[in-house]
There are 2 protein chains.
Amino acid sequence: MATVTRSDIIDAAGRLFAERGYHGTSMRDLGNEVGLLGSSIYSHVNSKAEILTEVIDKGAKLFQASADAALAAPVSAPEKLELLISGHIDVVMDHANEVKTFLYESRFLAADQRAVPLEQRNTYEAAFRSVFVQGAEAGDFKRLDPVITSILTLSILNAIERWFRDDGRLDRGELTQRIVGFTKASLEKE
Amino acid sequence: MATVTRSDIIDAAGRLFAERGYHGTSMRDLGNEVGLLGSSIYSHVNSKAEILTEVIDKGAKLFQASADAALAAPVSAPEKLELLISGHIDVVMDHANEVKTFLYESRFLAADQRAVPLEQRNTYEAAFRSVFVQGAEAGDFKRLDPVITSILTLSILNAIERWFRDDGRLDRGELTQRIVGFTKASLEKE
DNA sequence: CCTACCGATCGGTAGG
DNA sequence: CCTACCGATCGGTAGG
């Protein structure tokens, strides 16, 4: 264990915020997690809130990178939807701490700081909306309200970390196919 | 404002826990919310954790009452599913504080106290599972894994409080129909 | 990154 | 239900 970096602190904070919540984690807990005193954390950051902001931003950027890749793929809308879904599942499973902090701890940011993740969330959802619209225009999907459809799809995707374990009887690929199936069923034209 | 009752305290705690989280709410905050000093709360309860337990239990019982009514109705499985869905939506919208506390603050119960809401949750989910099984046996639904189908359906239903406002362009009845439609589409036989 | 510390606040209690 | 208080812990700072 070499010297502790800012990045180590952000990682550790993700773990603790996800598990105990922002208000359930003290600077001393965090120091202990990285092998420092609580007060020594202030050599790396200016405040506890700054750490929360950074963990959340990390989660948001992971989601956006996934969406950017899906939208850039030279494939049809139904295939883009599959990429969005499997990409989201990968982010949720591989970066569970940042995702949980993004989902459940953003509300503890100061009001003026909350605008950023809210906007990031909206941009990310827009990727889903655009694919539903594209799919409808190409005649692949039924024409449903893309706003509601995106919200319902993301409701399923965000809840995954609350019940799915990678080592269960269902593997990640099967999970993805179930969710793709469930979602696409509602988009099918009769 | 007559004298403060235990029930007033549980109600106020639901409001504060939902908004600020369990660890973000102090006994002094809670006292202030009901017009007492923080220390005076201890005339009504034994600990802060006891209050959390009670708020969560209130939420769990509201959900179960809805499920019991749906299962008892003398109707077909597809209609029971609609009752389960609209009942869940009503509980989420009419008792948002207890629901949010149930969903997001249960993890702050001591390990041995967490077993109760977990079991309540499982019993409630079992109502959904049984309706999916009944529907498949009656030939109304495609035969899908009832465990996964229940989880995906409840993922959508529990997320409602995160985005739906009763005064938006979509009213509650329309919301219910969208969700019933989205869910049933995946259950339809070709 | 530690030592040494700050004022504020925490959950909770004794005694009336 | 308040007064008066407990020891513990909170986020954070000065100075090295």
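Numbers restart at 1 for each chain; the letters A, B, ... are given by sequence-line order, proteins then strands. Hydrogens, waters and symmetry mates are skipped; everything else that's a heavy atom, side chains included, is used.
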Option from A:F17, A:F108, A:Y104 for which ring-ring contact (aromatic ring centres under 6.0 Å, His included) with A:H23 holds | A:F108
Whole angstrom value for the distance that separates P of D:dG11 from CG of A:N32 | 14 Å
Among D:dG11, C:dC1, D:dC1, which is the nearest nucleotide to the side chain of B:L36?
-> D:dC1
Which of the following nucleotides, C:dG12, D:dG11, C:dC1, is nearest to the side chain of A:M27?
-> D:dG11
Between D:dG11, C:dT13, C:dC1, which nucleotide has the shortest distance from any of its atoms to the side chain of B:S39?
-> C:dT13
Is the distance from OP1 or OP2 of D:dC10 to the nearest side-chain N or O of A:H23 less than 4.0 Å?
-> no
Whole-Å distance separating the CD1 atom of A:I9 from the P atom of D:dG11 = 14 Å
Between the side chain of A:H44 and the main-chain N/O of A:V4, is any donor-acceptor distance below 3.5 Å?
-> yes
Find the distance B:L52:CG to C:dG12:C1' and express it as a whole number of Å.
-> 17 Å
If D:dG12 has a Watson-Crick or G-U wobble mate with both distances under 3.5 Å, name it; if not, just say none.
-> C:dC5
Round to the nearest Å and state the distance from A:Y42 atom OH to C:dC5 atom C1'.
-> 14 Å
Under 4.0 Å between a side-chain N or O of B:S26 and OP1 or OP2 of C:dC10?
-> yes
Are B:K61 and B:D57 ion-paired here, with the side-chain N under 4.0 Å from a carboxylate O?
-> yes
To the nearest Å, give me how far apart CG (B:L16) and P (C:dC10) are.
-> 12 Å
Atom-to-atom span, CZ of B:F108 to P of C:dG11 - whole angstrom | 14 Å
Go through C:dG12, D:dG12, D:dC1 for me and flag the one nearest to the B:K48 side chain.
-> C:dG12
Taking only N and O in the side chain of A:S40, is any of them less than 4.0 Å away from OP1 or OP2 of C:dC2?
-> yes
Between D:dT13 (P) and A:I41 (CD1): distance, integer Å = 14 Å
Side chain of B:R28 only, please: which of C:dG11, C:dC1, D:dC1 is the nearest?
-> C:dG11
Indicate yes or no for a side-chain donor-acceptor contact from B:R121 to the backbone of B:F102 under 3.5 Å, with no hydrogens or angles considered.
-> no
Distance-only donor-acceptor check, side chains B:S76 and B:E79, under 3.5 Å = yes
Whole-Å gap separating P (C:dT13) and NE2 (B:H44) = 16 Å
Which is true for B:L37 with a 4.0 Å heavy-atom rule: it touches a base, it touches only sugar-phosphate, or it touches nothing?
-> base
